[in-house]
Amino acid sequence: MIFTISNLTQIQNFQKDLESTSIVPLDVESNSLDRLTALWITLQLKLGENTYIFHIPEFGVKNITYVTDLLKSSNKLIVGHNLKYDIGIIKVNTGIMLTNLHDTFTSEVIIFAGVGDFYPSLRDLVKKYCNTILDKESRELFINYKLGDILTEQMIQYAALDVQYVEKIRDEQLKLVDERKLNRTYELENKLVAVTTSMELNGVKIDSSKWAGLTQSALDDTRRLEEEIKDEIVTRLPRFENAYGACKAIGISKDADGNNLQTIKHSTPLKYITEYDFIVDWIRRNINVQSNAQIKHILQLAYNLDVTDTNEKTLLLLKNPPEIVSKILSFRERAKKQTTYGDNILDLIHKKTGRVHANFNQNGTSTGRYSSSQPNLQNIPRENDYRSCFIAEDGYDIITIDYDQQEYRLATGERKIIDAYLAGKDMHTLTASIINNVPLDKVTKEQRTNAKPVNFGLFYGATVWGLKYNLGISLEEAQRIYDAVLGGIPTFIGARNKFGDEILKRMYSKTLLGRRRYFKGQDRFEDTKEYQKFITKIKREGFNHIIQGTGADITKTALNLIYYENPFGEENLKIILTEHDEIVCEVRKEYSQPAFEFIKSKMLQAEQPFLGEIPASISGTISNCWSK
DNA sequence: CATGAAAGCGCC
DNA sequence: AAAGGGCGCTTTCATG
């Protein structure tokens, strides 16, 4: 039976049913995807055979808060799809965060990590597990709902539909969780859904005038550099018969007015621009410094550079780079700041809160890490100029804490690595001591710095050829370094093969928590070369998953500990960002010091069990802004 | 005009 | 034989 509830006198049956069930399928309908401003229209709860639909505008916020509190205090298990949305609406309107959850979305993603969809919809899961087609997303019916509207019969039917299947989906998912021994990952991730919700709703404050200043300066530089680059290019280009020839040679596909030149006819007017000055003028106006294809042709034509691409690494490794190269790189750096890190970030400041509420996709990666979007707060430039634009609200501080070499500490159980960390040294110092054949405490700063990219490369599975290319050294030197590291700390490279065979056999890798990443098989290969590539790729990715994914396990465990054990109250300690091995919180000033100690201790507590003898280590700051 | 791939680059 | 893991955003360019 479906019951629509619009006032308090109608909830007697609901309360009776609630007492006799511990699992509650839940869904929310509203008129917008923005949880902070959406009009909450219905709350649907399925209790046994009965479905209760609360019409919120009639039922009232005070009463729905009472109902939510019943769910929370009786610790019902809430089952729903992508609950980040629903519990967000509930939190915004009632102040209550539901935390005992089975999220069919999150659960599905971790069960099929690596081979499944990053965004399975409820409809997908209903089809898969219940063999039923949900013919319409009920949400569409509610978009035009206005305050004072009644619930139509159609709205009621569709709203009810969304809570009919999730329990069955949960049953099937739990079987898979069990089969795949994902229990710890399952617990971690479902607990984390409320933390992610809280983090997104908290948002982060931005000093917009400072940010706008950075953008303006980037714009000024971009324009200046563009002119300088064009000026220089036109003096270096060979002579062309006419503008058409220049256009073809440089690969200009669109002119400055946006006209498509690809479809250009043989009898194009460009052919009649033959005067030298006119050709130069035409080129000057129509080359696009942002077009990498054009830049490539220009470097080849005008500078005799044998380049197949123009990315930064390629350009930096050039033997005698012309001056234009550094100008191009500066231009790109400034242009990136002006576009990706420009006004569009300010456009995302929420009108109601004045803060930026990025999306944190809890399993937006195949390894178990978060991803972030709109905006991506996990790739803000590291420079203090940029990070310091993320500021604390009046009366608050920002606490930034990150793990020291989280992934290297997880890399192997190698004795030498353990001893190095126990001695207060780190992975880069150790590798430097091995490459240069000097004792740990004789390693110079420069040697350590030089060892960083070696570690970086080898850690991600670089071959000798990879080292040569990426470090810009000879093959012999690359081989020497590779052999030295392999000899000195064999498992740093060797572990990949050790685990690799197992990964290949099972076609999944697993982290120390048990989180899995599956790999897609391939039926047939044209030749053995292709097959070799396929194998080494899986070994690389699988090994990386063990490390990167365990890192994610640790950081996510810490987030849960901080959120659920927060002794200061959620208004006094808010988690606002996470960046893989880093957690950023906003804390009321009077609690800054104890909160700092609290967060540190929780992060260490989360990490230590995964490290064995190696000591967990973090570092952080209390500041008025996000800091390095 | 819309769409998707590819190049490039920001972060861990 | 041969070019390190994981992301998201912006732009260009080809295609239909």
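Chain A is the first sequence line, chain B the second, and so forth, proteins listed ahead of strands; every chain is numbered from 1.
We find that CD1 of Ile380(A) is positioned 11 Å from P of dC12(B), with the value rounded to whole Å. Separating the CZ atom of Phe543(A) from the P atom of dG6(C) is a distance of 14 Å, rounded to the nearest angstrom. Going from atom CG of Leu471(A) over to atom P of dA3(C) covers 16 Å, rounded to whole Å. Rounded to an integer number of Å, the gap from CD1 of Ile547(A) to P of dC7(C) is 17 Å. Remark: C1' of dC12(B) and CG of Asn455(A) are 16 Å apart, rounded to the nearest angstrom. Between Ile583(A) atom CD1 and dC12(B) atom C1' there is a gap of 14 Å when expressed in whole angstrom units. Between Glu579(A) atom CD and dC11(B) atom C1' the separation is 6 Å, expressed in whole Å.
A distance-only check finds a donor-acceptor pair linking the side chain of Asp124(A) to the backbone of Ser121(A) [under 3.5 Å]. Judged purely by atom type and a 3.5 angstrom limit, Arg35(A) uses its side chain to pair as donor or acceptor with the backbone of Lys84(A). Without hydrogens or angle criteria, Thr400(A) side chain to Gly620(A) main chain gives no donor-acceptor distance under 3.5 Å. The main-chain N or O of Ile575(A) is found under 3.5 Å from a side-chain atom of Asn202(A) such that the two form a donor-acceptor pair.
Across all strands, Glu407(A) comes closer than 4.0 Å to no nucleic acid atom at all (heavy-atom distances). At the heavy-atom level, Phe118(A) lies under 4.0 Å from the strands shown only through sugar-phosphate atoms. Arg496(A) comes within contact range of no nucleotide atom at all, as no heavy-atom separation falls under 4.0 Å. Across all strands shown, Asp309(A) has heavy atoms under 4.0 Å from sugar-phosphate atoms exclusively, and none from any base. At the heavy-atom level, Lys313(A) lies under 4.0 Å from base atoms of the strands shown. The residue Arg369(A) sits close to a base: some heavy atom pair falls under 4.0 Å. Nucleic acid contact class of Lys529(A) (heavy atoms, under 4.0 Å, all strands): sugar-phosphate only. Gln406(A) comes within contact range of no nucleotide atom at all, as no heavy-atom separation falls under 4.0 Å. As judged by a 4.0 angstrom heavy-atom cut-off over every strand, Gln548(A) is placed among the base-contacting residues. Residue Gln374(A) is in sugar-phosphate contact alone, with no base atom involved, counting any heavy-atom pair closer than 4.0 Å across all strands shown.
Proximity of the aromatic rings of His545(A) and Tyr508(A) is defined here by a centroid distance below 6.0 angstrom, and this criterion is not met.
Looking at the side chain of Thr365(A), the nearest of the listed nucleotides dG10(B), dC7(C), dT10(C) is dC7(C). In the set dG10(B), dT10(C), dG6(C), dG10(B) carries the atom at the smallest distance from any side-chain atom of Pro381(A). You'll find that the side chain of Arg387(A) is closest to dC12(B), out of dG10(B), dC7(C), dC12(B). The side chain of Gln290(A) lies closest to dT12(C) when the candidates are dT12(C), dA3(C), dG8(C). If you check dC13(C), dT10(C), dC9(B) against the side chain of Thr339(A), the one that comes closest is dT10(C). With dA2(C), dC12(B), dC9(C) as the choices, the nucleotide that has an atom nearest any side-chain atom of Trp465(A) turns out to be dA2(C). Of the candidate nucleotides dC9(B), dA7(B), dC9(C), dC9(B) has the atom lying nearest to any side-chain atom of Glu312(A).
Taking 4.0 angstrom as the limit, Arg517(A) places a side-chain polar atom (N or O) nearer than this to OP1 or OP2 of dG6(C). For Ser373(A), no side-chain nitrogen or oxygen approaches OP1 or OP2 of dG8(C) to under 4.0 Å. Using a 4.0 Å cut-off, no side-chain N or O of Ser366(A) falls inside it from OP1 or OP2 of dG5(C). Distances shorter than 4.0 Å separate some side-chain N or O of Thr310(A) from OP1 or OP2 on dG8(B). A sub-4.0 Å separation between OP1 or OP2 of dG6(C) and a side-chain N or O of Gln378(A) is absent. Note on Ser372(A): every side-chain N or O is 4.0 Å or more away from OP1 and OP2 of dG8(C). Between Thr463(A) and the phosphate of dA2(C), there is no side-chain N or O to OP1/OP2 separation shorter than 4.0 Å. Regarding contacts with the backbone of dC11(B), every side-chain N or O of Arg382(A) stays at 4.0 angstrom or more from both OP1 and OP2. The shortest distance between the side-chain N/O atoms of Asn288(A) and the OP1/OP2 oxygens of dT12(C) is below 4.0 Å.
Of all heavy-atom pairs between Asp426(A) and Tyr421(A), the closest is CA-CE2, 3.8 Å. The heavy-atom pair separating Leu410(A) from Gly551(A) by the smallest distance is CD1-N, 3.7 Å.
By the 6.0 Å contact criterion, CG on Asp306(A) is open, its count of non-hydrogen atoms from other residues, nucleotides or ligands being 12 or less.
A stacked arrangement is not assigned to Tyr469(A) and the six-membered base ring of dA3(C), the conditions of a centre distance below 5.5 Å and an interplanar angle below 30° not being jointly met.
The base-pairing partner of dT10(C), taking Watson-Crick or G-U wobble contacts with both distances under 3.5 Å, is dA7(B). Judged by Watson-Crick or G-U wobble contacts below 3.5 Å, the nucleotide dA1(C) has no partner.
Residue-to-nucleotide contacts include a donor-acceptor pair under 3.5 Å from the side chain of Asn379(A) to the base of dG10(B).
Nucleotides dA2(C) and dG8(B) have their C1' atoms positioned 23 Å apart, rounded to a whole Å. Here, dC9(B) and dA1(C) have their P atoms 31 Å apart, quoted to the whole Å.
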